[in-house]
Amino acid sequence: MKIILMGPPGVGKGTQGDRLSKRLEINKISTGDLFRYHRNQSTELGILASTYMDKGEYVPDHVTIGMVIESIELTENSKGFILDGFPRTIAQATALDNEIGDTGGIDLVIHMVVEREELIKRLSGRQICQSCQALFHSDSARSKIYGKCDLCGGVLYQREDDRPEVVEKRLGVYSKETEPLVEYYKILGKLTEINADGTPDAVE
Ligand code: AMP
C-alpha cells in the first residue's frame with residue numbers, strides 16, 4: 001500500500017499519518033520530520049533546509065526529491081509506505097512516479113480539507129517533542145506534564161515556522177505550489193477527499 005497524505009499545514013497529516021502507520025503497519029515518511037532531524041543533527045542537509053524552513057519556503061526540489069527517494073528505497077522489502085508532506089510540487093510528483101511507477105505507483109492520495117481559520121488555530125497552539133516528534137496542542141491535546149512529552153519525556157517546543165507571519169507565508173506557498181497537485185491526482189483517479197475538521201479520533 002503506497003499512500004500520500006496531502007493537505008495544507010495544520011490539517012493533521014502528521015497525526016493521522018502516525019495513526020494510519022500503526023494501523024496498516026507501514027512506515028510513515030515525513031519530509032518535515034526528516035528535515036527537522038537533519039537540522040537537529042546539524043548535517044549539511046539540515047543547515048541548508050533550515051534556511052528555507054524558517055522562512056516558510058519550500059526546500060529546493062532536487063534536495064527534497066533525493067532525500068525522499070533514499071527513504072523510499074529503504075522500505076523496499078516492506079508492505080508499503082505513507083508519505084506525509086511529499087510531494088508538494090509537480091516536479092516532486094513526477095519524480096515520485098518515475099521512482100515507483102514500475103511497482104504499481106501510488107495507490108491512494110488522501111486529500112485532507114479544513115477551513116483556513118481552523119488551520120491557523122491548530123498551528124498557533126501546536127507543540128512538538130524535540131526527541132520523538134510527537135504532536136501536542138496547548139488547547140486540544142495537552143501533555144500530562146506541562147512542556148513534557150507524554151510518550152518519551154522529551155521537551156516540547158513550538159516550531160519556529162508556526163509563528164503567525166510564517167504561517168501566512170506557508171499557506172500562500174501551499175496554494176500556489178501544492179494545490180495544483182489535487183487536480184493532478186484527481187485526473188489519475190487516485191484522489192479521495194476527507195473532511196479533517198474534527199478531533200483526531202473523529203477524522204480517523
Ligand atoms: P512540514 O513539517 O511538513 O510542515 O514541513 C516543514 C517544512 O519543511 C516546510 O515548510 C518546508 O520548508 C520543508 N518541507 C517539507 N516537505 C517539503 C517538500 N516536500 N518540499 C519542499 N520543502 C518541504
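Order of listing sets the numbers, starting from 1, for every ligand and every atom in it.
Panel note: side chain Arg88, backbone Tyr58; no donor-acceptor pair is recorded below 3.5 Å. In this structure a side-chain-to-backbone donor-acceptor pair under 3.5 Å is present from Lys2 to Thr103. A donor-acceptor contact shorter than 3.5 Å links the side chain of Gln158 to the backbone of Ser124. A distance-only check finds no donor-acceptor pair linking the side chain of Lys190 to the backbone of Ile3 [under 3.5 Å].
Listed by number with element, the atoms of ligand 1 under 4.0 angstrom from any heavy atom of Thr64 are 18 (C), 19 (N), 20 (N), 21 (C). Set against the non-hydrogen atoms of Glu57, the atoms of ligand 1 under 4.0 Å away are 11 (C), 12 (O). When each atom of ligand 1 is checked for a heavy atom of Arg36 under 4.0 Å away, the hits are 2 (O), 6 (C). Those atoms of ligand 1 that come under 4.0 Å of a heavy atom in Phe86, given as number and element, are 19 (N). Remark: ligand 1 atoms within the under-4.0 Å shell around heavy atoms of Gln92 are 18 (C), 19 (N), 20 (N), 21 (C).
At least one N or O atom of Val59, backbone or side chain, sits closer than 3.5 Å to an N or O atom of ligand 1. For a threshold of 3.5 Å applied to N or O pairs, the pair formed by Gly85 and ligand 1 contains at least one separation below that value. Between Arg88 and ligand 1, an N or O atom pair is found at a separation short of 3.5 Å. In terms of N/O distances under 3.5 Å, ligand 1 is not approached by Asp84.
For Lys169 and Asp161, the salt-bridge test fails: no basic side-chain N is under 4.0 Å from an acidic carboxylate O. Under 4.0 Å is where a charged nitrogen must lie from a carboxylate oxygen, and between Glu168 and Arg116 at least one such pair does.
Interatomic distance, OH of Tyr157 versus SG of Cys149, reported as 12.0 Å (0.5 Å rounding).
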For residues 16-27, dump all side-chain donor-acceptor pairs below 3.5 Å to protein atoms at least two apart in sequence or in another chain.
{"residue": "Gln16", "atom": "NE2", "partner": "Pro200", "partner atom": "O", "Å": "3.0"}
{"residue": "Asp18", "atom": "OD1", "partner": "Lys28", "partner atom": "NZ", "Å": "3.0"}
{"residue": "Arg19", "atom": "NH1", "partner": "Asp201", "partner atom": "OD1", "Å": "2.8"}
{"residue": "Arg19", "atom": "NH1", "partner": "Glu204", "partner atom": "OE1", "Å": "2.5"}
{"residue": "Arg19", "atom": "NH2", "partner": "Asp201", "partner atom": "OD1", "Å": "3.1"}
{"residue": "Ser21", "atom": "OG", "partner": "Ile26", "partner atom": "O", "Å": "2.8"}
{"residue": "Arg23", "atom": "NH2", "partner": "Glu204", "partner atom": "OE2", "Å": "3.4"}

Q | Step-by-step salt bridge (charged side-chain N to carboxylate O under 4.0 Å, His left out) determination, Arg122 to Glu118 | A | CA-CA 6 Å; Arg122 288 185 187 181; Glu118 175 64 17; 3.0 Å; yes
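Protein heavy atoms are found less than 4.0 angstrom from atom 21 (C) of ligand 1.
Within the structure, ligand 1 has Arg159 among the residues with a heavy atom less than 4.0 angstrom away.
Counting protein heavy atoms only, atom 13 (C) of ligand 1 is closest to Phe35 CD1, 3.8 Å. Looking from atom 5 (O) of ligand 1 to the surrounding protein, the closest heavy atom is Gly32 CA, 3.6 Å. The protein heavy atom nearest to atom 8 (O) of ligand 1 is Met53 CG, 3.6 Å.
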